[in-house]
Amino acid sequence: MRNGLTYLLVGGALLVAGCTTTAPPEGGVRIDQQNNVRPALNSVRVIDSDLARYRNRKWQVRSVLDVENVVVSNTGTGFKRVSVELRNKADVEIPLEVRTSWYDDNGRPVDAAQSWTRLFAKPMAMALYEQSAANPAASQYYVEVREAQ
């Protein structure tokens, strides 16, 4: 009886702790998922801590790069295309590398991660990254962004 009550109290405390709301990350769409668990599909992940520093669990972000917008569309041949707008908030040009992985409706990979595409984000300006799927079954994306190696 005593163990059951203890489990009930601990479970209730965890449930209440999990109900707290947090502010969304800084910037436009999302640059979250900055941990070692599988990231959410249909998201953009900045994997370089020099570009997006997460200070604590309340989504306080200090970043030099923001994801402003993500658009998924169909190409003329019926394949999916993802377009990502990245904003450089620094006073210097940032060389970036970006790549996309594609998944089907069930979250299974249909294309291996594509090779890194290099682009340059001008100071205080937007950079556009676009990539099309190579498999017609692709319906979900996962985009990674890092500073050029």
Side-chain angles (χ1 to χ4, degrees), residues 10-149:
V10 170
L14 290 174
L15 182 63
V16 170
C19 290
T20 60
T21 58
T22 58
E26 174 185 312
V29 180
R30 51 182 180 260
I31 52 174
D32 54 351
Q33 308 297 330
Q34 301 294 325
N35 51 36
N36 293 322
V37 299
R38 180 182 169 132
L41 295 181
N42 298 323
S43 68
V44 176
R45 182 176 181 187
V46 178
I47 60 173
D48 191 330
S49 62
D50 290 336
L51 298 177
R53 290 194 186 109
Y54 285 77
R55 298 169 52 98
N56 62 28
R57 301 179 99 184
K58 294 188 179 185
W59 296 106
Q60 292 181 358
V61 180
R62 184 169 292 176
S63 66
V64 296
L65 185 72
D66 276 347
V67 178
E68 290 291 328
N69 194 22
V70 178
V71 176
V72 178
S73 58
N74 289 318
T75 64
T77 56
F79 292 91
K80 294 288 185 184
R81 175 183 338 169
V82 65
S83 301
V84 179
E85 295 174 16
L86 302 166
R87 178 177 299 284
N88 178 359
K89 300 187 311 187
D91 292 334
V92 296
E93 184 175 66
I94 301 174
L96 300 172
E97 291 178 337
V98 188
R99 71 177 177 185
T100 305
S101 300
W102 291 96
Y103 300 83
D104 67 11
D105 288 333
N106 297 314
R108 286 180 288 213
V110 293
D111 281 343
Q114 297 172 344
S115 62
W116 292 100
T117 299
R118 184 169 278 206
L119 58 107
F120 295 91
K122 299 287 184 192
M124 307 303 281
M126 299 286 285
L128 178 65
Y129 165 77
E130 290 186 312
Q131 190 64 252
S132 296
N135 188 318
S139 62
Q140 301 184 78
Y141 64 90
Y142 168 57
V143 177
E144 296 172 285
V145 182
R146 70 181 185 190
E147 193 166 1
Q149 305 287 313

Closest heavy-atom pair and its distance - [X], [Y]:
{"X": "R146", "Y": "I47", "answer": "CB-CG1, 3.7 Å"}
{"X": "S63", "Y": "D66", "answer": "OG-OD1, 3.1 Å"}
{"X": "Q140", "Y": "G107", "answer": "NE2-N, 3.7 Å"}

side-chain hydrogen bond (donor to acceptor under 3.5 Å, both in side chains) with S132: which residues, sequence neighbours excluded?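 S132 satisfies side-chain hydrogen bond (donor to acceptor under 3.5 Å, both in side chains) with no residue once adjacent residues are dropped.
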Sorted by chain and residue number, the side-chain hydrogen bond (donor to acceptor under 3.5 Å, both in side chains) partners of R81 (sequence neighbours excluded) come out as none
Distance only, no hydrogens: is a donor on one side chain within 3.5 Å (strictly under) of an acceptor on the other, for [X] and [Y]?
{"X": "S139", "Y": "D105", "value": "yes"}
{"X": "S83", "Y": "E130", "value": "yes"}
{"X": "T100", "Y": "Y129", "value": "yes"}

Could you go step by step and tell me if R108 and Y103 meet the side chain to side chain contact (heavy atoms under 4.5 Å, CB included) rule? CA-CA 5 Å; R108 286 180 288 213; Y103 300 83; 5.9 Å; no
Would you call R45 and E144 a salt bridge, taking side-chain N to carboxylate O under 4.0 Å as the test? no
I'd like to know whether Y141 forms a side chain to side chain contact (heavy atoms under 4.5 Å, CB included) with L41, so could you lay out the CA-CA distance, the side-chain angles of the two residues, the decisive distance to 0.1 Å, and finally the verdict. CA-CA 6 Å; Y141 64 90; L41 295 181; over 6 Å; no
For E97 and R118: C-alpha separation, side-chain torsions, deciding distance, then whether salt bridge (charged side-chain N to carboxylate O under 4.0 Å, His left out) applies. CA-CA 4 Å; E97 291 178 337; R118 184 169 278 206; 3.3 Å; yes
Are V98 and V143 close enough, and set up right, to give a side chain to side chain contact (heavy atoms under 4.5 Å, CB included), and what steps lead you there? CA-CA 7 Å; V98 188; V143 177; 3.5 Å; yes
Would a 4.5 Å heavy-atom cut-off, applied to side chains only, mark [X] and [Y] as touching?
{"X": "V82", "Y": "V71", "result": "no"}
{"X": "V84", "Y": "L128", "result": "no"}
{"X": "R99", "Y": "T117", "result": "no"}

Can you check whether L65's main-chain N or O pairs, donor with acceptor, with N88's side chain at less than 3.5 Å?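 It does not hold such a pair.
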Measure from the side-chain N and O atoms of D111 to the backbone N and O of W102, and report whether any donor-acceptor pair falls under 3.5 Å.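 Side chain of D111 to backbone of W102: no pair is present.
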According to the salt bridge (Lys or Arg N to Asp or Glu O under 4.0 Å) rule, which pairs have a member within residues 132-143, sequence neighbours left out?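 Salt bridge (Lys or Arg N to Asp or Glu O under 4.0 Å) check on residues 132-143 returns no pairs.
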Residues L96, F120; criterion side chain to side chain contact (heavy atoms under 4.5 Å, CB included); working and verdict: CA-CA 6 Å; L96 300 172; F120 295 91; over 6 Å; no
